[in-house]
Amino acid sequence: MLKKILPIAFMFVLSFGLMTTACGKKPKDGKQEYKPIYNYYVLGESFEQKVETIFHNALAEKQNEIIYIDQAMQQRENFDFFNQSNLQEINLRKQNQNLALNYDLLSQREKEALTNDLNIITKNSKLEETILSSMKPELSFYSSILKFKNEEQKWFQGLSYDFSNIDFGYLSFDKENKNYIANVNFDLIFTYQYTDMNSNVIKNKYQEDIVITICNQDDIIQNLKFATNELRENLIKNKFEWAWFDAYDLRINDYARLFNLTNSDFENLFKFDKFEKSLLNYISKYNTKSANSTQSYNFAFKDENRFKNFKSIDKIDSFNPHESKYGSNQLILDDTVSTTNTTNINLFKTIFSELIKDDEIVLENKSEKGNREVYAYLIKEYKTWVSDFQTRFRQELNINSDSIVNYGEITLNNFCLYFNEFNYYHPISPISYYVAISANNINDSYLNSKNEIVETKIVSADQDPIFKTIYQNTINALEVFQKTYGTSKTTWKSLSDNQQLISLKDLNILQAKVANTNDKSISDVNAQLSLLNNRLTYSAETERQSFLNKTNTSSFHFQFNNSKELQNIPIIEMTNNQLIFKKFKEGSSNLSVDFNLAFLNLSFEIQSEKFYWFERTLIESI
């Protein structure tokens with residue numbers, strides 16, 4: 001039986017109610033409506049990632065204008081909520097009243113004053129303008145999912161605040177209560193929307209927790225601004241050791257995981273006191289204002305829970321949603337005896353058959369058993385993917401690293417200003433900084449050079465740890481795919497053989513108990529193959545996400561398509577245990593099998609004339 005995931009995906013084959021024909025009858029032209037479910041899924045997923053990155057980066061750029069309120073700003077804006085007397089009074093209430101929600105400490109007038117003051121602060125920071133400006137170049141690309149029925153609707157719905165976990169703090173430095181520092185913690189909400197393939201509006205929220213500091217000591221504000229602004233880009237540029245993580249540092253023997261790192265890969269690292277000492281030494285070295293303190297305080301972590309999360313920003317990849325067919329590599333399958341055709345057919349069989357790993361290959365100077373078809377394909381293509389990624393990284397951060405395979409952002413937890421005299425920890429808005437992930441950075445040109453300009457080393461694939469990373473990631477993903485989908489050995493010798501293209505073990509494709517539903521839309525079939533079944537729309541189902549996690553990948557795509565234009569739609573008939581290709585909706589064209597998993601982003605285009613002379617079985621359960 002299909003392992004765990006595919007029963008769910010294929011059991012839904014007949015549950016969507018698309019236009020079908022009666023059992024045993026030829027499908028009628030025009031009855032199979034094509035809806036590019038995967039196209040919309042990719043576009044929607046890309047849009048969410050893009051706008052949430054823009055929200056995060058805009059807040060990082062503007063945060064020092066938002067989270068710090070000094071004496072001059074208080075006087076200039078005449079805040080009703082963010083003033084010393086009000087914050088002191090609220091803190092006294094917090095100490096004397098035991099309420100489940102701190103927000104209930106506020107009167108209705110104070111709640112309104114809090115929102116009004118925050119609106120003034122965010123407006124003055126021009127945070128919304130920064131967001132809209134950053135997104136403007138992308139609007140054309142996402143136009144098909146930004147067509148709202150109401151012309152007044154916009155993709156960005158604005159800012160709001162979540163006070164459900166609001167917290168307050170206050171510290172006076174003297175008996176006269178003249179000098180003080182206070183904080184207000186809450187969540188900043190960004191609301192956005194787009195449309196799905198059926199023009200339904202999908203509303204989403206992105207939020208970040210922030211800490212607003214109110215203080216009448218300018219030196220304290222300046223020190224805090226260093227922590228929340230200077231560290232983000234400079235730690236990685238200054239080669240801070242805790243911003244350059246290697247597979248060895250992460251205790252990762254199987255390099256495939258480097259493309260799908262999770263919080264658990266980092267959590268233990270930041271519990272070492274060595275990290276805290278290194279970061280505090282860095283701040284002491286580069287923060288020129290730290291020597292002018294009027295109060296006795298220093299940066300410190302409140303406890304050893306110093307790590308909040310890791311978020312990947314970009315990595316080596318072969319998948320590009322901005323390109324036609326997402327940048328897939330077109331491979332021709334026909335009945336010729338050419339070397340190219342033989343190579344392509346062997347790669348097709350490797351993916352949709354039984355994976356053989358008995359060939360002698362060399363990875364990072366070591367002879368190992370592997371698959372020569374995958375090995376040969378990746379060797380031919382991988383340097384382009386590596387070069388494209390490392391170029392993007394260099395353009396973004398001006399760092400010329402030749403070992404990096406993935407980069408992201410670390411967010412710290414419980415980082416505070418500690419006031420020795422009062423044994424008081426003042427919380428800081430979560431600080432984050434860029435980190436690089438490599439397969440082997442011992443010989444990285446950037447890390448080992450004292451100059452800004454370095455020469456990139458050129459090594460052969462069999463010596464390159466990055467190639468080993470890509471190969472392991474691909475083979476591991478293929479093993480999971482074949483186990484999950486239950487692929488069986490392909491027996492056909494050539495495309496003209498009247499046999500199924502793909503065999504699946506112990507799978508009855510049409511087991512759903514719905515009467516008179518033998519024919520299915522090609523869009524329905526493709527959604528099932530890519531694990532995107534959800535009532536005619538697209539959704540990252542639990543099963544799909546689990547599959548991606550197991551394969552250490554971030555995208556997966558498996559469908560039958562027209563290799564040229566979508567106007568000519570393949571017509572699919574589904575019988576008891578067969579998926580049969582009938583013909584194209586209009587005219588003639590070449591059928592393609594599109595597959596994207598790990599670094600196999602491929603479109604196999606079938607160009608054998610004999611293939612179209614009779615009805616062909618695409619998938620059969622045996």
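Keep in mind the model is a prediction, meaning the values are calculated, not measured.
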Distance col, row Asn562:CG vs Leu591:CG, nearest 0.5 angstrom, shows 8.0 Å
- Message: Counting the benzene-type ring for Trp, do Phe556 and Phe547 have ring centres under 6.0 Å apart?
- Response: yes
Rounding to 0.5 Å, atoms CD1 (Ile351) and CD1 (Ile502) come to a distance of 9.5 Å
*Between Phe310 and Phe245, is a ring pair (Phe, Tyr, Trp, His ring centres under 6.0 Å) present by the stated rule, with each step listed?*
CA-CA 12 Å; Phe310 165 79; Phe245 294 100; 8.3 Å; no
**Asked** Are side-chain heavy atoms of Asn473 and Thr553 found at a separation under 4.5 Å?
**Response** yes
Open item on the list: Using the rule given for side chain to side chain donor-acceptor pair (under 3.5 Å), can you reason through Tyr206 versus Glu208, listing the C-alpha separation, both sets of side-chain angles and the distance that settles it, and then say yes or no?
Closed with: CA-CA 7 Å; Tyr206 171 80; Glu208 291 204 21; 2.6 Å; yes
* Are the side chains of Phe319 and Val42 in touch, meaning some heavy atoms are under 4.5 Å apart? -> yes
- Message: Apply salt bridge (Lys or Arg N to Asp or Glu O under 4.0 Å) to residues Lys468 and Glu364 and explain how you reach the verdict.
- Response: CA-CA 6 Å; Lys468 179 180 177 181; Glu364 207 173 10; 3.5 Å; yes
Go through it in stages, so that I can follow the logic: the residues are Phe604 and Ile345, the test is side-chain contact (heavy atoms from CB on, under 4.5 Å), and I'd like the CA-CA distance, side-chain angles, deciding distance and then a yes or no.
CA-CA 9 Å; Phe604 292 101; Ile345 286 179; over 6 Å; no
Checklist entry - Do Gln472 and Asp254 have side chains that get closer than 4.5 Å, going by heavy atoms? => result yes
Output for pair (Ser160 OG, Gln207 CD), nearest 0.5 Å, gives 9.0 Å
- Message: For Leu139, is the CG atom crowded, meaning more than 12 foreign heavy atoms sit under 6.0 Å from it?
- Response: yes
**Asked** Taking the inter-plane angle between the rings of Tyr38 and His557 on a 0 to 90° scale, is it parallel (under 30°), tilted (30 to 60°) or perpendicular (over 60°)?
**Response** parallel
Are there over 12 heavy-atom neighbours, none belonging to Lys311, within less than 6.0 Å of that residue's NZ? yes
>> For Phe581 and Phe584, take the angle between the two ring planes, folded into 0 to 90°, and tell me which bin it lands in: parallel under 30, tilted 30 to 60, perpendicular over 60.
In response: perpendicular
Closest non-hydrogen contact found for Ala598 with Ala477 is CB-CB, 3.8 Å
Practice item. Please assess Asn329 against Glu381 for the test side chain to side chain donor-acceptor pair (under 3.5 Å), listing each intermediate value before the final yes or no. Key: CA-CA 10 Å; Asn329 194 354; Glu381 303 291 339; 3.1 Å; yes
Could you tell me if Lys315 sits above the aromatic ring of Phe259, with its cationic atom closer than 6.0 Å to the ring centre and no more than 45 degrees from the axis?
no
Quiz item: If you count the non-hydrogen atoms of other residues, nucleotides and ligands that lie under 6.0 Å from CG in Asn253, is the total more than 12?
Solution: no
Mind checking whether Trp155 and Tyr194 have ring centres under 6.0 Å apart? no
Over 60° means perpendicular and under 30° means parallel, so classify the ring planes of Tyr142 and Phe47, tilted if in between.
perpendicular
Margin query: Walk me through whether Lys205 and Gln157 qualify under side-chain contact (heavy atoms from CB on, under 4.5 Å).
Written below: CA-CA 10 Å; Lys205 290 183 179 180; Gln157 297 292 283; over 6 Å; no
>> If you count heavy atoms of other groups shown closer than 6.0 angstrom to NZ of Lys325, is the number above 12?
In response: yes
Checklist entry - Is the Phe55 to Phe156 ring centre distance short of 6.0 Å? => result yes
Result for ring pair (Phe, Tyr, Trp, His ring centres under 6.0 Å) between Phe595 and one of Tyr485, Phe481, Phe560 points to Phe481
What verdict does the side chain to side chain donor-acceptor pair (under 3.5 Å) test give for Asp334 and Gln607, after you've listed the backbone C-alpha separation in whole Å, the side-chain angles of each residue and the deciding distance to 0.1 Å?
CA-CA 5 Å; Asp334 56 37; Gln607 291 190 355; over 6 Å; no
_Taking atom CD as the centre, does Glu323 end up with more than 12 heavy-atom neighbours from other residues, nucleotides or ligands that are less than 6.0 angstrom away?_
yes
field: Full working for side-chain contact (heavy atoms from CB on, under 4.5 Å) between Tyr375 and Leu378
entry: CA-CA 5 Å; Tyr375 185 80; Leu378 295 178; over 6 Å; no
- Task: Tell me whether the centres of the aromatic rings in Tyr471 and Tyr382 are closer together than 6.0 Å.
- Result: no
Practice task
For Arg372 and Glu360, run salt bridge (Lys or Arg N to Asp or Glu O under 4.0 Å): C-alpha distance rounded to whole Å, both residues' side-chain angles, the deciding distance at 0.1 Å, then the answer.
Solution key: CA-CA 8 Å; Arg372 63 188 174 197; Glu360 289 290 336; over 6 Å; no
Check your understanding: Does a side chain donor of either Gln193 or Asn204 reach within less than 3.5 Å of an acceptor in the other side chain?
Key -> no
Check against side chain to side chain donor-acceptor pair (under 3.5 Å), Ser328 and Asn601: CA-CA 5 Å; Ser328 63; Asn601 186 14; 4.7 Å; no
Closest non-hydrogen contact found for Val337 with Thr342 is O-OG1, 4.3 Å
**Request:** Could you tell me whether Phe558 and Phe352 have their ring centroids closer than 6.0 angstrom?
**Result:** yes
Nearest heavy-atom approach of Ile361 to Gly370 is CD1-CA, 3.7 Å
Practice prompt. Would you check if the distance from the ring center of Phe599 to the ring center of Tyr377 is below 6.0 Å?
Written response: no
Under 3.5 Å donor-acceptor, Thr490 side chain and Ser353 backbone | no
**Asked** Is the shortest distance from a Lys or Arg side-chain nitrogen in Lys583 or Glu615 to a carboxylate oxygen in the other one below 4.0 Å?
**Response** no
Salt-bridged, Asp314 to Arg392, with N to O below 4.0 Å? yes
One pair to check against salt bridge (Lys or Arg N to Asp or Glu O under 4.0 Å): Lys610 and Asp335. What are the steps and the verdict?
CA-CA 9 Å; Lys610 293 181 180 180; Asp335 282 323; 5.6 Å; no
- Item | Salt-bridge criterion met for Glu605 and Lys564 (N-O under 4.0 Å) | yes
(message) Working note: Glu573 + Lys582, criterion salt bridge (Lys or Arg N to Asp or Glu O under 4.0 Å); need CA distance, chi angles, decisive distance, verdict.
(response) CA-CA 7 Å; Glu573 179 185 88; Lys582 306 290 284 191; 3.6 Å; yes
In this structure, CD of Glu479 is separated from CG of Asn371 (nearest 0.5 Å) by 10.0 Å
| said: I'd like to know if the side chain of Ser338 and the backbone of Asn341 have a donor-acceptor N/O pair within less than 3.5 Å. | reply: yes
dist Gln559:CD -> Asn596:CG (nearest 0.5 Å) comes out at 11.0 Å
